[in-house]
Amino acid sequence: MSQQESEQSDRKKYEFRKVIEDLKEYEGSGTQLVTIYIPDDKQISSVVAHVTQEHSEASNIKSKQTRTNVQDALSSIKSRLRYFDTFPPENGIVIFSGAVDSGGGQTDMITKVLESPPMEIESFRYHCDSEFLTEPLEDMLADKGLYGLIVLDRREANVGWLRGKRVEPVKSASSLVPGKQRKGGQSAQRFARLRLEAIDNFYQEVAGMANDLFVEKRHELDGILVGGPSPTKDEFLDGDYLHHELGDSVLGKFDVSYTDESGLYDLVDAAEEALADAEVMKDKNLMQDFFKELHAGDEATYGFDQTRQNLIMGSVETLLISEDLREDVVTYECPNGHEERTVIDRRKDTPNHTCSECGEEVPAEDGEREDAIDHLIDIAEQRGTETKFISTDFEKGEQLYDAFGGVAGLLRYSTGV
Ligand code: ZN
């Protein structure tokens, strides 16, 4: 994945997270909020047919209000589907539609269409409930990266991927390793030697499967997890069967009882802690670089205004944004032409502004309000700056949010700003 693509996907994930947070706040008074997940290989016409069918079935809903709301939602979905060609765009579409409570017994009809989520939608889902169905999207965004999975004992092995939260079994093998009981007439020594050979052959076969899959992707790979009973997985790893370029990627070995496809899932469960650590490791390294510069160098910046200024100068190598940051920025221009900005919580109303240069008042409605993160990323993209979202699941990540306003930058050179 090129840097450009990963930035876009980071930004896209941010956009999706925002929408999901909003959607989760909504509630319908009845079972009237409709969610549809459409995979990219499903014909739009068949979705339209499905929605039409649901629309006619909805006429059986007893409550008049719920019936009307569900049918309105379905009509709205149908009209949105007209904008698409034969098939949905890559990875599919998710549509949310329904009459949500807007307080005081009133409802608002809302429809949101999310195109091309960060991962493929695997199956078509039609869901009607008092809440929108957001979990499948949330799982896609809970990005644990890309990991190679191997489970093995002396009888069978499975290899596959962990993408985000999704386990994908890819290949399996079973061995011809004889059991521990030798047949009559065979010398114990010969039997032991043949058995070791068979084990060695099997480990080579398993490594071959893993190498075929993982070597090609080694630059995208965040790690390899190996599972199985003892001592098989230890023998396998100690024997250096894996390609030398993969050796360093092994994140750990884990006790797993099953080595069929279900073992791949058990492996991911067993490695939960190691995965959580690995997930924040990149963030940790970036924050460590930031603190090092902050204390002993001068190639760091923080806070919205300073970071923004550095971004505009093109001096920011990496823009660091806290994943928990939910702020808008309002740009005011006073009658004397002074331009100033205020960062406010996304849920708060736009305040009036007093120009700090000349004391002139600028009313709230003259302020130009936008998402603070979008504002910064727009500048970053123009200047070739890489953007990284930093989790708050570790101490220095929390500090970025609490103590540095959720925005910081690693600089290419010192600017004195
Ligand atoms: Zn002014």
Side-chain angles (χ1 to χ4, degrees), residues 7-26 110 112 114 134 137-138 141-143 280 283 286-287 290-291 294 300-313 315-334 338-356 361-383 385-411 417:
E7 262 172 48
Q8 279 173 354
S9 76
D10 257 13
R11 178 170 203 161
K12 189 154 209 176
K13 278 182 196 160
Y14 170 66
E15 305 293 345
F16 275 59
R17 268 206 303 270
K18 256 196 327 193
V19 175
I20 290 171
E21 276 167 21
D22 289 344
L23 289 169
K24 283 174 76 145
E25 305 253 309
Y26 293 132
I110 62 152
K112 292 245 186 238
L114 292 181
T134 54
L137 264 179
E138 286 174 78
L141 296 174
D143 190 3
V280 295
D283 294 9
L286 283 167
M287 286 311 292
F290 170 72
F291 276 99
L294 196 65
T301 186
Y302 62 88
F304 186 87
D305 286 324
Q306 289 181 335
T307 306
R308 181 178 179 278
Q309 246 182 295
N310 272 299
L311 275 173
I312 289 171
M313 285 191 272
S315 58
V316 183
E317 174 88 51
T318 311
L319 172 64
L320 308 171
I321 298 177
S322 172
E323 247 175 32
D324 287 4
L325 191 71
R326 299 290 178 269
E327 283 173 340
D328 285 345
V329 60
V330 192
T331 307
Y332 301 91
E333 198 185 314
C334 86
H338 303 126
E339 194 181 273
E340 291 183 337
R341 277 170 198 80
T342 310
V343 178
I344 53 167
D345 189 291
R346 191 181 294 157
R347 282 155 215 280
K348 294 209 169 120
D349 291 334
T350 311
N352 297 322
H353 181 73
T354 308
C355 178
S356 69
E361 294 291 325
V362 189
E365 58 269 27
D366 289 351
E368 194 190 308
R369 182 166 178 160
E370 63 183 309
D371 183 292
I373 294 178
D374 283 339
H375 180 95
L376 293 177
I377 295 182
D378 279 340
I379 307 171
E381 281 176 354
Q382 287 164 22
R383 298 289 188 273
T385 298
E386 191 184 11
T387 301
K388 289 285 176 197
F389 283 91
I390 304 290
S391 129
T392 46
D393 291 346
F394 62 106
E395 200 194 335
K396 288 191 165 71
E398 242 175 82
Q399 279 179 308
L400 174 65
Y401 180 68
D402 293 336
F404 297 96
V407 178
L410 288 164
L411 302 182
V417 175

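Treat the numbers as computed from the prediction; the structure is a model and nothing was measured.
Under a cut-off of 6.0 angstrom, the local environment of CD in E368 is sparse, with at most 12 non-hydrogen atoms contributed by other residues, nucleotides or ligands. Under a cut-off of 6.0 angstrom, the local environment of CZ in F389 is crowded, with over 12 non-hydrogen atoms contributed by other residues, nucleotides or ligands. The environment of CD in E395 is sparse: at most 12 heavy-atom neighbours from other residues, nucleotides or ligands sit within 6.0 Å.
Atoms CG and NZ, from D283 and K388 in turn, are 8.5 Å apart once rounded to the nearest 0.5 Å. To the nearest 0.5 Å, atoms CG (L114) and CG (L23) are separated by 7.0 Å. Within the model, atoms CD of E370 and CD of E327 stand 13.5 Å from one another, a figure rounded to the nearest 0.5 Å. Taken from CG in D374 to CD1 in I379, the straight-line distance is 11.5 Å, to the nearest 0.5 Å.
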- request: May I have the step-by-step check of side-chain contact (heavy atoms from CB on, under 4.5 Å) for L376 and F304, ending in yes or no?
  value: CA-CA 9 Å; L376 293 177; F304 186 87; 3.7 Å; yes

Distance-only donor-acceptor pairs under 3.5 Å for side chains of residues 345-354, two or more places apart:
residue, atom, partner, partner atom, Å
D345, OD1, R347, N, 2.8
R346, NH2, Y14, OH, 2.9
R346, NH2, D371, OD2, 3.2
T350, OG1, R369, NH1, 3.0
N352, OD1, A364, N, 2.8
H353, NE2, E340, OE1, 2.8
T354, OG1, E361, OE1, 3.4
T354, OG1, E361, OE2, 3.0

For residues 318-326, please give each side-chain donor-acceptor pair under 3.5 Å, one per line with the distance, not counting sequence neighbours.
residue, atom, partner, partner atom, Å
S322, OG, D324, N, 3.3
D324, OD2, T392, OG1, 2.9
R326, NE, E21, OE1, 2.7
R326, NE, E21, OE2, 3.1
R326, NH1, E323, O, 2.8
R326, NH2, E21, OE2, 2.7
R326, NH2, E323, O, 3.2

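The shortest distance between side-chain heavy atoms of I312 and R383 falls below 4.5 Å. Here the side chains of Q399 and M287 are not in contact, with every heavy-atom distance at 4.5 Å or above. With contacts defined as side-chain heavy-atom distances shorter than 4.5 Å, the pair I390/F290 does not qualify. Annotation: side chain of E138 is in contact with side chain of I20 (closest heavy-atom distance under 4.5 Å).
With respect to N310, the side chain to side chain donor-acceptor pair (under 3.5 Å) criterion is satisfied by exactly one of T385, D305, T301: T301.
Residues passing the salt bridge (Lys or Arg N to Asp or Glu O under 4.0 Å) test with E15 are R11, K18, sequence neighbours excluded.
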